[in-house]
Every structure is written in structure tokens, then in C-alpha cells.
Student: 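Just passing along the structure, written as C-alpha cells.
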Number of protein chains: 2
Amino acid sequence: MTDLITVYSREADGEQRSAGQLVSLNKGFVIYHECDPANHWYEVVSGTVRTCRFMGDGHRQLTGFFYCNDVFGVDHGHYRESAEAVTGVVLRRFAAAPSSQAESTTEARGRILERALESARQCIFLFGHRTAANRVAAFLISIVDRSGGRSGVRIPMTRSDIADHLNLTLHTVSRTISEFAKRRLIVLDGPQNIRILDLEQLRLLAGDGGGDGDEHARESA
Amino acid sequence: MTDLITVYSREADGEQRSAGQLVSLNKGFVIYHECDPANHWYEVVSGTVRTCRFMGDGHRQLTGFFYCNDVFGVDHGHYRESAEAVTGVVLRRFAAAPSSQAESTTEARGRILERALESARQCIFLFGHRTAANRVAAFLISIVDRSGGRSGVRIPMTRSDIADHLNLTLHTVSRTISEFAKRRLIVLDGPQNIRILDLEQLRLLAGDGGGDGDEHARESA
DNA sequence: CGACAGGTTGAGTGAGCTCAAGTCGGGTGG
DNA sequence: CCACCCGACTTGAGCTCACTCAACCTGTCG
């Protein structure tokens with residue numbers, strides 16, 4: 001219903017193809033389905049995208065969230081997961097496997113694949129955490145890090161999306177975030193807006209030793 | 001102690017570099033550590049390798065198992081995880097980022113990265129499963145599939161390794177496997193040797209609808 | 001204003017973790 | 001050869017954390 005595509009074609013003859021095609025999509029739009037032929041890969045210009053697959057028992061697994069400058073849809077042959085717009089998004093679309101102009105693109109493809117691999121690793125990393133608090137903390141930190149480290153952060157996806165990404169229920173996610181707020185690690189300004197109060201403690205919970213500071217992570221229940 | 005390296009150098013002048021260097025390592029040998037400069041990537045000739053990282057609270061996350069023909073260590077700059085020999089292994093070692101002979105390797109690198117990405121996706125896929133039974137079943141199937149589909153399969157890694165890969169405890173892994181044996185889905189011939197009796201049921205538990213046959217996966221508790 | 005999607009919170013249950021024995025097999029030394 | 005050890009595995013008992021079920025709240029949209 002609300003799905004709508006607006007294409008700003010920049011492919012007017014002289015225009016360089018490598019710039020990609022700008023595509024604007026409404027919230028909820030399905031960019032591609034699992035098993036579709038992987039004819040394009042995408043770079044996020046603005047907004048948030050989620051990639052997901054459906055398990056045999058019907059439950060959804062979100063394999064990644066993609067923000068500005070992230071790439072997704074880098075698959076060979078056919079897509080291994082579907083992709084949907086979490087918010088309204090603007091994407092840059094590129095043709096995959098450009099067998100015709102294989103020149104400059106071949107080495108560029110390496111960098112694209114590396115970025116995709118990095119995204120996959122980020123997802124794996126989240127799953128390494130044991131408890132709900134650990135996972136949610138790690139997730140929040142991953143968002144903060146991508147937001148340039150500002151303490152006030154917008155969470156574009158729903159609790160349900162987060163839950164399906166961390167392999168928890170939306171109840172547990174909600175409870176855990178509320179718990180963080182109760183402990184004054186964060187402040188909620190509506191469900192989607194979070195202000196980080198104690199990043200240090202949050203990093204301890206996540207237990208990644210991410211970059212700066214103390215490595216003497218010792219949990220105090 | 002038992003760590004020992006035997007190198008069969010095939011780099012005698014005329015030999016093509018692309019063949020790599022054969023390396024033989026004993027069980028338990030640490031191939032590289034997290035944060036080491038990523039100077040080589042590897043292909044498994046025989047045996048099994050695990051890649052792992054250590055979380056802030058000290059617990060271990062195994063990010064992948066690698067068997068014959070699998071590649072690992074495909075990182076940019078520095079390794080994101082360490083790699084260890086699960087069994088005695090023979091590896092083919094390749095120099096990373098061959099800035100000198102960038103010609104044939106550039107497009108080959110794309111294929112290598114794709115394989116690495118596939119491995120990462122396999123790991124993510126395992127984590128998508130909710131219960132211990134689901135995860136262990138999916139794990140067993142992944143081994144069976146790589147073993148050419150023979151019903152008798154050797155499990156080279158310990159219960160502890162499996163647990164750290166599936167984010168479970170070794171107790172739960174052991175209990176779940178015993179449960180499978182009790183239900184006659186599998187037969188154990190020692191802890192490391194498993195014979196699959198009911199692959200169909202196992203696939204239902206894993207809930208992936210993997211490849212052949214019925215897609216009407218509907219769980220019956 | 002009602003409908004609805006998203007979110008929060010409570011109560012009870014159960015799967016998986018913790019703690020604790022106990023078993024099995026392969027090595028090593030007397 | 002047997003005693004012993006040690007690492008890997010198994011199994012039981014109890015507890016806890018996260019899931020299930022359920023109710024309610026809040027904001028948005030028609």
C-alpha cells in the first residue's frame with residue numbers, strides 16, 4: 001500500500017554507471033526476497049535497512065541492520081536473505097557481476113565483499129554474548145558507535161526487530177531496556193530515542209573491551 | 001609441546017606461487033592469534049580448524065569450523081579472530097594482499113572472499129535456531145552435508161567446542177545428543193562417531209528445509 | 001472517536017545453566 | 001601388566017533467566 005518507488009535515474013547516457021542509481025523507498029518496502037536472482041547490490045544513502053530470513057518454524061531471523069554508507073545484498077547468484085526498509089530509505093543501487101565492464105569493478109568488488117564480511121562478523125559478534133543484558137548492551141553500543149559516539153541516539157527499528165536480531169523475544173528486549181533505564185545506564189525519551197548515561201558500564205555489560213579504556217572487565221551482579 | 005611445524009616448500013623457483021605453501025600442524029596448534037597482522041590466508045587440505053575469539057567475560061566464542069577445501073584467515077589488516085588446529089591438519093598457506101602480483105590474484109580474491117562470506121553466513125544461520133535441539137540438529141546436519149551425505153560421520157571436535165560454537169554449555173550439548181540417540185535419530189559409536197538414522201526428522205528439528213525434498217516443515221512437539 | 005500497531009509490565013512455566021558426581025578410554029610410570 | 005591420572009564425556013538435582021500468556025498503556029491514523 002504505502003510501498004512506493006521513486007527512481008532518480010542518473011543513467012542518462014553520459015553519466016558514469018559506477019555512481020549507481022538512486023532509489024527512494026518507503027518504510028516496510030521489500031527490496032528483494034530470499035532466492036531472488038542477485039542482480040544488484042546496494043549502498044544505504046539514508047535511512048535503515050534490515051536483512052532477514054525465515055526459519056523452518058516460521059520465526060524470523062534478522063541478519064543485519066544497515067545504515068548510511070553500509071552495503072548489503074552482496075550475494076553471488078541469488079540472495080541468501082531478504083531485505084526490507086526499516087524506515088524510509090534512499091539507496092544507491094549497483095548492478096552485480098558486471099561481466100561487461102570487468103575492469104575497475106573487479107578490485108572494487110573486493111572492497112565491497114570485505115564490507116559485507118565485516119557486517120556478517122558484526123552479527124556473529126552479537127550472538128557471542130550469553131545473557132539478554134549482554135546482547136542488548138552490545139547492540140546498543142553498536143548503534144552508538146555507528147552514530148558517531150553522540151550520547152543521544154535514535155533507535156529506528158522496533159523492539160520486535162531487535163528481538164529477532166538478538167534471538168530474544170520482544171518482551172525480554174523491552175524488559176532489559178527498561179532495566180537499563182531503571183539502573184540509570186540510559187534514559188528513554190520515547191521508545192525510539194535513547195540517551196546514554198553510563199557508556200562505560202554498558203561496555204562492561206557488553207564485554208567486548210571495545211577500543212578505549214579498561215580491559216579489567218569483571219562483572220558485578 | 002606437541003606443537004610442530006613441517007613445511008613442504010613448493011616455492012622452488014619455477015613452481016607457481018599460487019599453489020601456496022603446504023603446512024602440517026599438530027592438534028591444538030595456534031595458527032594465528034586475534035590482532036596478529038593478517039599476512040596469510042589458508043586453505044584446509046586435511047583435518048579440522050576452528051576460529052575463535054574471547055569475549056570480555058573470558059568465555060570463548062567459536063566463529064567457525066573449517067574442513068577440507070574450506071578457507072579461513074581471510075582478513076584485512078589484522079585477524080579478527082584466532083585460529084587453532086582441532087585435529088592434526090595440513091594447510092595450504094597463501095600470502096595476503098599480494099600488492100606485487102596484483103593481476104590474477106585480484107579476481108581470485110573475490111572468490112576467496114565469497115567463500116569466507118559463505119562461512120560467516122553458515123555461522124549466523126546456526127545462531128538463528130531457538131532451542132538447543134534445533135541448534136545441535138542444525139550443526140549435525142551441517143557436518144553431514146559436508147561429509148558427502150554419508151550416514152556415518154566423524155565429529156572431530158569436542159563437546160566443549162560445539163558448545164562454544166552454538167552458545168550452549170557442553171552439558172546441554174551432551175544431553176541433547178544423548179536425547180537424539182535415545183529417540184533413535186542417531187546412533188553413537190563413541191563420542192566422536194555418529195551414525196544418522198533419521199535424517200528427515202533431524203532436518204525438521206533444524207528447520208532449514210535444506211535442499212532436497214519436502215518444504216512442509218511443520219514441527220510436531 | 002475507535003481501531004490498531006508498538007510498547008510495557010506482571011505472573012507463571014520451562015529450557016538451559018550451575019554445581020556435583022560418576023564413567024570411560026588412553027596415556028604414563030612403577 | 002596393572003595402578004594411576006587426566007581429559008573428555010555423561011548424567012543427575014536444583015535454580016535462574018528468558019519465554020509464554022496475558023493485561024494494559026500510549027500514540028497515530030482514519
Side-chain angles (χ1 to χ4, degrees), chain A residues 1-2 26-28 48 50 55 57-60 62 84 86-88 127-137 139 154-183 186-194 205 219 221, chain B residues 1-2 26-28 48 50 55 57-60 86-88 127-137 139 154-183 186-194 205 219 221:
Chain A
M1 302 309 153
T2 59
N26 280 0
K27 173 177 174 176
T48 304
R50 63 174 174 250
M55 309 299 285
D57 63 349
H59 99 273
R60 188 179 63 148
L62 296 196
E84 303 168 9
V86 174
T87 63
F127 280 123
H129 301 273
R130 309 155 317 301
T131 69
N134 295 150
R135 279 188 219 171
V136 173
F139 176 73
R154 174 154 189 88
I155 310 287
M157 67 292 289
T158 67
R159 300 291 187 260
S160 180
D161 283 342
I162 300 173
D164 288 346
H165 187 46
L166 303 179
N167 212 8
L168 298 168
T169 62
L170 74 160
H171 308 275
T172 300
V173 170
S174 180
R175 258 185 265 271
T176 305
I177 291 179
S178 297
E179 176 69 19
F180 286 171
K182 210 166 293 171
R183 287 210 265 159
I186 61 175
V187 175
L188 287 172
D189 174 24
Q192 316 284 1
N193 292 301
I194 289 186
L205 269 173
E219 192 140 342
Chain B
M1 301 307 158
T2 59
N26 279 0
K27 173 178 174 177
T48 304
R50 65 173 172 249
M55 309 300 284
D57 63 349
H59 98 273
R60 189 178 62 149
V86 173
T87 64
F127 280 123
H129 301 273
R130 308 153 319 298
T131 70
N134 295 150
R135 282 189 217 171
V136 173
F139 176 73
R154 175 154 189 87
I155 311 286
M157 67 292 290
T158 68
R159 299 291 188 260
S160 180
D161 283 342
I162 300 173
D164 288 345
H165 187 46
L166 303 179
N167 211 8
L168 299 168
T169 62
L170 74 160
H171 308 276
T172 300
V173 171
S174 180
R175 259 185 263 270
T176 305
I177 292 179
S178 297
E179 176 68 20
F180 286 171
K182 211 167 293 170
R183 287 210 264 161
I186 61 176
V187 175
L188 287 171
D189 175 23
Q192 317 285 1
N193 293 300
I194 289 186
L205 269 173
E219 190 140 346

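In what follows, every chain begins at residue 1, and chains take the letters A, B, ... in the order their sequences are listed.
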Student: Partners of A:N193 by side-chain contact (heavy atoms from CB on, under 4.5 Å), sequence neighbours excluded?
Tutor: A:R154, A:D189
Student: Between A:I194 and A:V187, is any pair of side-chain heavy atoms under 4.5 Å apart?
Tutor: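 In short, these two side chains do not touch, never coming nearer than 4.5 Å.
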Student: By side-chain hydrogen bond (donor to acceptor under 3.5 Å, both in side chains), which residues pair with A:T48, not counting sequence neighbours?
Tutor: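 For A:T48, no residue satisfies side-chain hydrogen bond (donor to acceptor under 3.5 Å, both in side chains) once neighbours in sequence are set aside.
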Student: Between the protein and nucleotides 19-23 of chain D, list the N/O to N/O atom pairs that are separated by less than 3.5 angstrom.
Tutor:
unit_1	atom_1	unit_2	atom_2	d
D:dC19	OP2	A:T169	N	3.3
D:dC19	OP2	A:T169	OG1	3.2
D:dC19	OP2	A:T172	OG1	2.3
D:dT20	O4	A:R175	NH2	3.0
D:dA22	N6	A:H171	ND1	3.4

Student: I need the NZ-P distance between B:K182 and D:dT11, as an integer number of Å.
Tutor: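 Going from NZ in B:K182 over to P in D:dT11 covers 6 Å.
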Student: Expressed in angstrom and rounded to an integer, what is the separation of A:E179 atom CD from D:dA18 atom P?
Tutor: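 Atom CD in A:E179 sits about 11 Å away from atom P in D:dA18.
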Student: Starting from P on D:dT10, measure out to CG on B:D189 and report it in whole angstrom.
Tutor: 13 Å
Student: How many Å lie between CG on A:L166 and C1' on D:dA18, as a whole number?
Tutor: 13 Å
Student: Expressed as a whole number of angstroms, how long is the span from A:N134:CG to D:dA18:C1'?
Tutor: 13 Å
Student: Should B:Q192 be listed as having a side-chain N or O under 4.0 Å from OP1 or OP2 of D:dC9?
Tutor: yes
Student: Do the non-hydrogen side-chain atoms of B:H129 and A:D57 ever get within less than 4.5 Å of each other?
Tutor: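 Not in contact.
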Student: Sub-3.5 Å donor-acceptor pair from the side chain of B:H59 to the main-chain atoms of A:R130, do we have one?
Tutor: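 Pair absent, no side-chain N/O of B:H59 close to backbone of A:R130.
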Student: Quick one: CZ on A:F180 to NZ on A:K182, what's the gap to the nearest 0.5 Å?
Tutor: 12.5 Å
Student: If an axis is fit to five pairs at each end of the helix from C:dC1-D:dG30 to C:dG30-D:dC1, what is the angle between the two, to the nearest 10°?
Tutor: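 Result, rounded to 10 degrees: 30°.
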Student: Taking 5' to 3' order, which nucleotide of DNA chain C is first and which is last to have an atom within less than 4.0 Å of a heavy atom in chain A?
Tutor: C:dG7 to C:dA11
Student: Is there side-chain contact between A:R135 and A:N167, with heavy atoms separated by less than 4.5 Å?
Tutor: yes
Student: Given 3.5 Å as the limit, does a donor-acceptor pair link the side chain of A:S174 with the main chain of A:L170, or not?
Tutor: no
Student: Using whole Å, report how far NZ of A:K27 lies from C1' of D:dC29.
Tutor: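 My rounded result for the distance is 12 Å.
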Student: Return the set of residues passing side-chain hydrogen bond (donor to acceptor under 3.5 Å, both in side chains) with B:T172 (not counting sequence neighbours), or none when no residue passes.
Tutor: B:T169
Student: Report all side-chain donor-acceptor pairs from residues 156-165 of chain B shorter than 3.5 Å, counting only partners two or more places apart or in another chain.
Tutor:
unit_1	atom_1	unit_2	atom_2	d
B:T158	OG1	B:S160	N	3.3
B:T158	OG1	B:D161	N	3.1
B:R159	NH1	B:P191	O	3.2
B:R159	NH2	B:P191	O	2.9
B:D161	OD1	B:R50	NH1	3.4
B:D161	OD1	B:R60	NH1	3.3
B:D161	OD1	B:R60	NH2	2.8
B:D161	OD2	B:R50	NH1	3.0
B:D164	OD2	B:R60	NE	2.7
B:D164	OD2	B:R60	NH2	2.8
B:H165	ND1	B:L62	O	2.8

Student: Mind listing the closest non-hydrogen atom pair of B:V136 and B:L168 along with its distance?
Tutor: CG2-CD1, 4.2 Å
